Each structure stands twice: as C-alpha cells, then as structure tokens.
Amino acid sequence: MMDEITKELPSLITQLLPGFLTAWVVYGLTTYTKPPQFERIIQALIYSFIVSSVVAMIELTASICGKFFILGEWDKRSEMIYSTLVAISLGLLLSYFMRSDTFFAFARRLKLTSRTPFPSEWYGAFACLPCYVVLHISGDRRISGFPAEWPTEPTAGHFRLTNAAWIIDNNTEQPLDGNESILIDAKQVEMVEFLKSVKETSNAAENT
C-alpha cells in the first residue's frame with residue numbers, strides 16, 4: 001500500500017503544482033492572510049482543476065485548428081508550458097478581483113451577494129475610500145493626512161500618512177512641513193475619520 005502511495009505521490013504533486021502556483025501569486029499580491037495548511041491544499045485542488053480545464057480547452061482548440069494548418073505537436077512540454085501560463089494568469093486575475101470591487105459590485109447589483117472581496121470591513125473602508133483621514137490617537141491627539149499605507153488589521157501594523165498635520169486647538173492644523181511622511185502605530189489609534197473630498201464638500205454646500 002505504501003509503495004503504491006509513494007509511486008503516485010510525484011504524479012499527485014505535479015498535478016497540484018499549477019494550483020499552488022496560482023495560490024502563490026494570489027497571496028503574494030494581496031493582503032489576505034494565508035489559511036491553514038488543509039484549506040490551502042483544498043484551494044490548490046480547486047485552482048488545479050480550473051487550470052486543467054482551461055488547458056484541456058486549449059488543447060481541444062489547438063487540435064481543431066491543427067486540421068486546417070500545422071501549429072506544432074502537443075506533448076507533455078506544451079502541456080506544462082500552458083499550465084504554467086494559465087496558472088499565473090489565473091492568479092493575476094484573482095488578485096485583481098480581490099483587490100478591486102468590480103466583480104462583487106456587479107454581483108451585488110444582481111442581488112447574488114451582499115459581500116465585498118476585501119478581507120475585512122476595516123481594509124475595505126481604506127481601499128474603497130481613497131481620501132484624507134483624521135486619526136484619533138490615545139491622549140486626545142488628532143492627526144490628519146493621506147493614508148499612503150495602512151495596516152490590514154486595526155490591532156497591528158502602522159499607518160503611513162503623507163501631507164500630515166497635527167490638529168490642535170480650535171481645529172487648526174499644524175502641518176509637518178519638514179517630513180515626507182509619518183508612521184502611526186495602529187494600536188494607538190482609537191478612531192478613524194474619512195474626510196470628504198473638496199469637490200464633494202463644495203457640491204454639498206451648493207445644494208444647501
């Protein structure tokens with residue numbers, strides 16, 4: 001029994017490699033935390049099935065076209081090359097949809113889901129609202145700026161603010177003109193305000 005498993009193991013790993021390659025691209029380009037090992041194997045199986053299906057369609061299309069003109073011989077090398085290309089392309093495509101709300105926004109309009117692709121509401125707020133923020137820091141301090149980078153979780157990491165300014169008495173700002181950016185520990189942040197853009201504020205004033 002063990003001998004049979006040992007013989008089949010290299011073939012199984014080869015079949016899973018496209019799925020693992022897709023997962024590697026996805027988790028390398030997105031901020032999603034890696035799931036447990038068992039779930040990653042399940043994901044690799046699903047990705048491998050998708051890659052194998054696409055490669056099979058490519059092979060079928062190539063064989064049909066080969067009846068009219070010669071494209072070359074389909075062999076193990078061709079299958080490996082196309083599997084690699086499809087796996088990388090699938091990873092890039094999934095990464096795009098996981099970083100943008102394009103697909104899920106369309107699905108929400110069709111009433112298919114109410115979810116977003118982002119790992120948390122925290123991350124989705126920053127990803128969907130690229131605007132200036134005000135961070136309320138422990139000790140009754142406030143600082144405004146544009147979040148060039150932000151933590152994926154509210155309890156760990158740092159904010160990197162550009163065009164930052166401390167908000168002092170009477171809501172006046174004290175710009176940090178000598179600094180390109182400033183890092184704020186996420187653990188010190190008690191609340192985040194997302195400011196409206198100047199255009200939205202002016203439009204609201206005109207409508208009142």
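All of these numbers come straight from a predicted model, not from anything done at the bench.
With sequence neighbours left out, the side-chain hydrogen bond (donor to acceptor under 3.5 Å, both in side chains) criterion links Glu39 to no other residue. In this view, Arg141 satisfies the side-chain hydrogen bond (donor to acceptor under 3.5 Å, both in side chains) rule with no residue, not counting sequence neighbours. Evaluation of the side-chain hydrogen bond (donor to acceptor under 3.5 Å, both in side chains) rule for Asn171 yields Arg142 as partners, not counting sequence neighbours. Every residue meeting the side chain to side chain contact (heavy atoms under 4.5 Å, CB included) condition with Phe106, not counting sequence neighbours, appears here in chain and number order: Arg109, Leu110.
Pairing each heavy atom of Gln174 with each of Ile168, the nearest pair is OE1-CG2, 3.9 Å.
Judged as a side chain to side chain donor-acceptor pair (under 3.5 Å), the pairs with a partner in residues 17-30 (not counting sequence neighbours) are, in order, Tyr27-Gln43.
Interatomic distance, CG of Leu85 versus CG of Leu90, reported as 12.5 Å (0.5 Å rounding).
You'll find the side chain of Phe159 stays beyond 4.5 Å of the side chain of Val133, heavy atoms only. Side-chain contact between Leu21 and Thr84: present, with at least one pair of heavy atoms (C-beta onward) separated by less than 4.5 Å. In this structure, the side chains of Leu45 and Ser48 stay at 4.5 Å or more apart for every pair of heavy atoms.
Within the hydrophobic cluster formed by Ile, Leu, Val, Met, Phe, Trp and Tyr side chains joined at under 4.5 Å, directly or through other members, Leu183 stands alone, with no partner residue.
Between the Asp75 side chain and the Ser78 main chain, a donor and an acceptor come within less than 3.5 Å of each other.
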